[in-house]
Protein chains: 2
Amino acid sequence: MATLYFRLNPHLYLRDPQQTELGQKIISASVRLIDTLGFEQFTFKKLAEDIDSTEASVYRYFENKHRLLQYLVGWYWTWLEYRIDLFTSSLPSPQEKLKACIKVVASEKKFDDTFEFMDEEALHRIVVSELDKTYLTKQVDSDNREGLFGGFKLLCKKISAWVSEINPGYAYPHTLVSTILLTAKHQIFFAEHLPSLTDLNNTTTRHQQLETFLESLLIKTIT
Amino acid sequence: MATLYFRLNPHLYLRDPQQTELGQKIISASVRLIDTLGFEQFTFKKLAEDIDSTEASVYRYFENKHRLLQYLVGWYWTWLEYRIDLFTSSLPSPQEKLKACIKVVASEKKFDDTFEFMDEEALHRIVVSELDKTYLTKQVDSDNREGLFGGFKLLCKKISAWVSEINPGYAYPHTLVSTILLTAKHQIFFAEHLPSLTDLNNTTTRHQQLETFLESLLIKTIT
DNA sequence: CCAGTTAAGATAGCATTACTATCAAATAAG
DNA sequence: CTTATTTGATAGTAATGCTATCTTAACTGG
């Protein structure tokens with residue numbers, strides 16, 4: 001069988017975790033652990049114990065836990081772009097593409113068994129809670145120079161191009177798109193933890209509401 | 001002289017830092033240090049050395065550095081609401097209030113010498129870089145129960161009420177307002193560090209552009 | 001003015017974290 | 001079969017995030 005494989009920026013890791021058994025165990029276990037413990041409480045020691053390996057071995061794959069998080073988030077953006085391509089490639093107009101795109105961005109992520117070692121639902125929860133931590137650091141500029149945020153930037157660029165196709169005169173396509181991508185995560189977090197900051201309620205229709213909100217935000221702003 | 005004093009949620013501190021000299025030194029120095037070092041590199045030990053005091057003394061004011069950050073951000077939201085009140089109270093219509101409000105939210109913060117111990121410009125930079133860290137933690141729910149995010153929530157509620165006044169049928173006033181408040185910070189960060197995620201350029205007109213973007217986002221979405 | 005409370009400084013200590021380094025065992029590749 | 005590579009095992013270290021205790025300084029009420 002043909003396995004789908006995402007080629008991520010090599011600066012994100014020391015040894016490619018997708019290539020080895022230990023590497024894949026590190027990914028699966030870290031997703032599960034960060035999801036349950038939160039990123040601050042997560043350590044390489046706990047991870048190593050969890051997979052019956054050692055701290056030293058984990059350090060051979062990732063420089064530190066922050067890089068590991070950046071790797072996971074990088075994987076997430078690549079995966080999201082892949083899904084957006086899937087649902088938009090057949091659509092003729094940028095309007096339809098944007099709507100389908102919003103649908104993917106706002107949707108509850110269902111388990112995608114294309115990738116055995118990745119629990120996409122847990123990863124989605126991690127992105128909701130930890131995404132901002134990947135770039136809100138003092139090293140953001142050097143990290144950026146190494147291209148560690150390429151996944152996010154690429155996706156933002158692609159969607160912004162559709163916006164500009166619809167309204168070439170609109171001055172803030174990237175600003176608008178990055179706002180929408182971030183808002184999709186933040187509002188889910190608020191619905192779960194700080195409900196007075198949102199109108200989304202914490203139910204099954206939550207993602208439908210988010211989609212409605214984001215779509216009207218996008219469409220009304222650019223037309 | 002009558003000094004303006006913000007009454008913040010007492011759960012934010014152990015001893016009120018506004019009341020004592022040491023407390024005020026802790027605030028001033030921590031703002032300066034977090035601004036230069038970043039929150040991760042900032043420690044109570046460095047802070048204590050900086051103000052020629054001891055770690056133990058700092059711990060008598062704040063449970064830990066995370067609470068101190070929450071205190072600073074709480075102070076910021078209270079201060080922002082105070083400024084918004086200042087610029088909107090005389091305006092008759094919610095439309096005008098919202099526009100003035102966006103102006104305050106998007107504006108470059110100029111030093112406000114009403115508060116001697118607070119460097120508002122540095123604090124603003126801290127909020128841009130560290131705001132999300134105040135609630136993106138595993139303890140967010142218990143922190144929220146203690147009312148630690150009251151400043152943000154109150155401001156969001158006030159502005160949302162204006163939105164609902166203009167369009168009572170709009171279903172997402174809080175979602176829209178919290179998005180705008182966060183976006184104001186994130187886009188400044190992007191302009192400085194991840195320019196391909198924004199169209200704001202890193203110049204003096206940056207805040208004017210941000211204001212234009214936010215205003216059109218808000219007005220077009222609710223009308 | 002003295003007694004008593006409170007704030008602050010001084011110092012010590014401790015478990016955990018975030019690494020780094022070294023060496024040996026297992027395994028896979030030529 | 002030998003050699004390079006990967007992993008495991010173990011040790012160690014500086015910094016972090018506290019907690020505890022003791023003393024001195026200051027200020028407060030009677």
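Below, chains carry the letters A, B, ... as their sequence lines are ordered, and counting in each starts from 1. The basis for the numbers below is simple: all heavy atoms, side chains too, and nothing from hydrogens, waters or symmetry mates.
Residues B:Trp79 and B:Phe6 keep their aromatic ring centres 6.0 Å or farther apart. Between A:Phe190 and B:Tyr135, the distance separating the two ring centers is shorter than 6.0 angstrom.
Here the nucleotide nearest the side chain of B:Thr54, chosen from C:dA7, C:dA10, D:dG8, is C:dA10.
Between the CG atom of A:Leu22 and the P atom of C:dA26 there is a distance of 17 Å, given to the nearest Å. In this structure, B:Leu37 atom CG and D:dA15 atom C1' are separated by 14 Å, rounded to whole Å. Atom CD in B:Glu49 sits roughly 17 Å away from atom C1' in C:dA8 (whole-Å rounding). Look at CD on A:Glu21: it is 9 Å from P on D:dT7, rounded to the nearest Å. Atom CD in A:Gln139 sits about 13 Å away from atom P in C:dA18, given to the nearest Å. Between B:Asp16 atom CG and C:dA7 atom C1' there is a gap of 15 Å when expressed in whole angstrom units. C:dA18 atom C1' lies 17 Å from atom CZ of A:Phe62, rounded to whole Å. In this structure, A:Phe39 atom CZ and C:dT17 atom C1' are separated by 13 Å, rounded to whole Å.
Listed pair B:Ser57 / C:dG9 meets the phosphate criterion, a side-chain N or O lying under 4.0 Å from OP1 or OP2. Between A:Tyr61 and D:dT7, a side-chain N or O to OP1/OP2 separation shorter than 4.0 Å is present. Residue A:Ser53 places at least one side-chain N or O under 4.0 Å from the OP1 or OP2 atom of D:dG8.
Sorted by first then second residue, the salt bridge (Lys or Arg N to Asp or Glu O under 4.0 Å) pairs that include residues 173-187 of chain B, not counting sequence neighbours, number zero. For residues 36-48 of chain A, the salt bridge (Lys or Arg N to Asp or Glu O under 4.0 Å) pairs, not counting sequence neighbours, are A:Glu40-A:Lys133.
Between B:Gln187 and A:Tyr172, the side chains place no donor N or O within less than 3.5 Å of an acceptor N or O (distance only, hydrogens not considered).
For A:Phe152, the ring-ring contact (aromatic ring centres under 6.0 Å, His included) test picks out A:Trp77, with sequence neighbours left out. Residues satisfying the salt bridge (Lys or Arg N to Asp or Glu O under 4.0 Å) test with A:Glu146, not counting sequence neighbours, are A:Arg67.
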Please write out each protein N/O paired with an N/O of nucleotides 16-18 of chain D under 3.5 Å, distance rounded to 0.1 Å.
from   : atom 1 : to      : atom 2 : distance (Å)
D:dC18 : O5'    : B:Tyr59 : OH     : 3.0
D:dC18 : N4     : B:Glu55 : OE1    : 3.4
D:dC18 : N4     : B:Glu55 : OE2    : 3.3

Please tabulate, one pair per line, each protein N/O and nucleotide N/O from nucleotides 20-29 of chain D that are separated by under 3.5 Å, including the distance.
none

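The aromatic rings of A:Phe44 and A:Phe42 stand perpendicular to each other, their planes meeting at an angle above 60°, with 30° marking the opposite boundary.
Of the possible polar contacts, one joining the A:Ser178 side chain to the B:Leu197 backbone as a donor-acceptor pair under 3.5 Å is found.
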